[in-house]
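These notes concern the structure reproduced below.
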Amino acid sequence: MTSLIIRAKELLENKTVQVVIGYEAGPTGVARPAFITDPAKAESLIYDERCVQNLAVYLTKREVKNIGKMAIVATLPVMRSIMMLISEQQLFADNIVVLGISADGKLLDIADNKVMQGYIEKSDLSNPEKYKGLLTEFNKLSPEEKFLYWQKELSKCIKCYACRQACPMCYCTRCTVEVNQPQWIPVKANTHGNMEWHILRAMHLAGRCISCGECGRACPVGIPCHLLTMHLTDQVYNYFKVYAGTSEKMSSVLSTYEPNDKESFII
Amino acid sequence: METTRKLIRKQSLEKLYNILSTTRKVYAPVIASDKQVEYKYNPAFTDVTFDHIRSTLSVKNVVFPKVENLFYYTNKQTESTITDIDLNKIQDVVLWGAHPCDNAAFDTLRSIFCWDITDEFFAKRLEKLVVIGFSCHLSDEYCFCTSVGLTPNSTKGSDILLSRLKNGDYHAEILTEKGNAIVSISPELFESVTNEEAEITSVKQKFNHEQVTAKLATAFENPFWVANSLRCIGCGACAYVCPTCACFDIQDEASGKEGKRYRSWDSCGFGLFTLHTSGHNPRNVQSQRWRQRIMHKFSYMPERNNSLGCVGCGRCSSGCPVDMNIAEQLEALQNI
């Protein structure tokens, strides 16, 4: 993508940023994150349908931040992640340059966060089309069927925590599962412990998940754990008419009380 | 034991499988979804796959389960009673259909678990295991067994190794007494060997592991590690799908006055892995953890265990969500 390469080169040459986080093709043809610090190497940047990873996960990573000011190739989920990270005080808006990519793969001119906010607001923020069918099917199941489904799926979990590590919103330096005094969640990867882990993860992301699907994509054993958070995204929207990651001043919907909040769930 | 060579007809293979799976636990690969191949106990022969490149997880859990209870305890005032696990209850298992890389990994695991003190749990499970391996007639760009001293038809770790012929029959190499015992269950299924050639895939050698080991001796402070691990997100997927990764965590799980101690898989990729109680972490950034992973397999293990910590199955790379391709990195390390 020539316009992206030109822009990345320019940002590195005039030292606006010290690193451009984008995608490159690995030796097997898989697209993977690239951290370009040398303008001459900007040529290796790619953007096509293979580039699906949510790169925002690197914005809070110490060794990446150490390089200096960052520019990031940002599709809609990445932009929404950035908004969430700013709103949760994990990122300074002034510290990054956003190389926005439109839904049809064109480089956007995102001059500042106001422009980015405008772009996000006029985009479709509901769950991605490819998962909607599955979510609808899933909602037709009875609670017992749902339980059995997840019991079966989550019994496969090996607790590698790829779902957590791939998620830009899971930035805690010490996750609840790593606390052992008291130990909230069993360490072992049996069905019971796995269910506790995934339910906890989903609940921590309710109202914060920006529906990128990265957790499910990262899972090496193919558990569709993104359906849990995406389902909660639908629930939060139904109750509060809010989607996560739309502005840098957004307060977390489930930890904020508004007098006009629906309370229909209270029996 | 001297290797004997036999022929198993296509129909006889099914008979052998059915005899085994009706009399003992047989752990065999099945296609679980379009991207996942899982091992299951005693699946129907028609469900067993013979055309997979690699299962999603390795088969190490037959000797090193992801969770293993070590003992139970009860506390009564000042007295504690410990109940050991009865290792004699561990059942015989026939591992069916695993590839040479996975089977070679049992030797690697033995070099860790039986290094100084024999790990009774591991040793018992290995003793009870019979491996009927299958040579590879398929491979992909992630395979690199030939770079770590193995081949798609290495016999290491197998009790019987089967290699498919063009007509669908199999050559069987009977390699151990355990293999012989399988043959003696139904000797009529094993016929005289023919001259037909087995279909063996070819796997390109990507690096020379001895040169890599030599390079690593002076590469500890090399900027290579930071530059090549920025994209690593620090999950444990590589370690958990790996057939030779053997690190585990030990935990107590108590309920009132009773409890048990168990061990479960752990990974050096996690930040918590080396975190000290003081708060100090000797590997406090991901590049140090990635270095540890490669150093352990290609430098420390050759030095201390006299075995390479990698069998070239490629799972860590194909299963990595951010394409940390180990063969690519080792090739680059060889040339730094």
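Convention: sequence-line order gives letters A, B, ...; per-chain numbering from 1.
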ask   = Does any heavy atom of chain B fall under 4.5 Å from the side chain of Glu63(A), the backbone, both, or neither of them?
value = both
ask   = With only heavy atoms counted, which part of Asp266(B) is less than 4.5 Å from chain A, the side chain, the backbone, both or neither?
value = neither
request  = Kindly confirm or rule out a cation-pi arrangement of Lys25(B) over Tyr41(B), judged by NZ or CZ under 6.0 Å from the six-membered ring centre and within 45° of its axis?
outcome  = yes
Residue Ser33(B) versus chain A: region with a heavy atom under 4.5 Å = neither
ask   = Counting heavy-atom pairs under 4.5 Å to chain A, which of Ala227(B), Cys238(B), Cys235(B), Gly271(B) comes out on top?
value = Cys235(B)
ask   = Could Lys188(A) and Asp249(B) be called an ion pair, given the rule that one side-chain N must be under 4.0 Å from one carboxylate O?
value = no
inquiry  = Salt bridge check, Glu68(B) against Arg125(B): does any charged N sit closer than 4.0 Å to a carboxylate O?
reply    = yes
query = Who wins among Ser318(B), Ala327(B), Gly234(B) for the most heavy-atom pairs under 4.5 Å with chain A?
reply = Gly234(B)
note = Turns out that what part of Val67(B) lies under 4.5 Å from chain A's heavy atoms comes down to side chain
note = Turns out that what part of Ser267(B) lies under 4.5 Å from chain A's heavy atoms comes down to neither
task = Would you please classify the geometry between the Phe113(B) ring and the Phe122(B) ring as parallel, tilted or perpendicular, with 30° and 60° separating the classes?
result = parallel
ask   = So does Arg32(A) pair up with Glu328(B), basic N to acidic O under 4.0 Å?
value = yes
request  = Identify whether the distance between the nearest side-chain nitrogen and carboxylate oxygen of Asp102(B) and Arg315(B) falls below 4.0 Å.
outcome  = yes
Side chain / backbone / both / neither for Ile21(A) at chain B, heavy atoms under 4.5 Å = neither
ask   = chain B heavy atoms under 4.5 Å from Tyr161(A): which part of the residue, side chain, backbone, both or neither?
value = both
request  = Please look at Val57(A) and chain B and tell me whether the side chain, the backbone, both or neither of the residue comes under 4.5 angstrom of a heavy atom of that chain.
outcome  = side chain
message = What I want to find out is whether Lys40(B) reaches Glu38(B) closely enough, with some N-O distance under 4.0 Å, to be called a salt bridge.
response = yes
request  = Sort out for me which of Gly26(A), Gly29(A), Pro33(A) touches chain B most, counting heavy-atom pairs under 4.5 Å.
outcome  = Pro33(A)
ask   = Should the pair Arg54(B) and Tyr142(B) be classed as cation-pi, given the thresholds of under 6.0 Å to the six-membered ring centre and 45° from the axis?
value = no
inquiry  = If we define contacts as heavy-atom pairs under 4.5 Å, which of Cys232(B), Gly269(B), Ser317(B) has the most with chain A?
reply    = Cys232(B)
Arg263(B) versus Ile250(B), closest heavy-atom pair with distance = CB-CG1, 4.1 Å
task = Could you look at Lys66(B) and say if it's the side chain, the backbone, both or neither that has a heavy atom under 4.5 Å from chain A?
result = side chain
request  = Examine whether an atom of Gln36(B) lies under 4.5 Å from a heavy atom of chain A, and if so say whether it belongs to the side chain, the backbone or both; otherwise answer neither.
outcome  = side chain
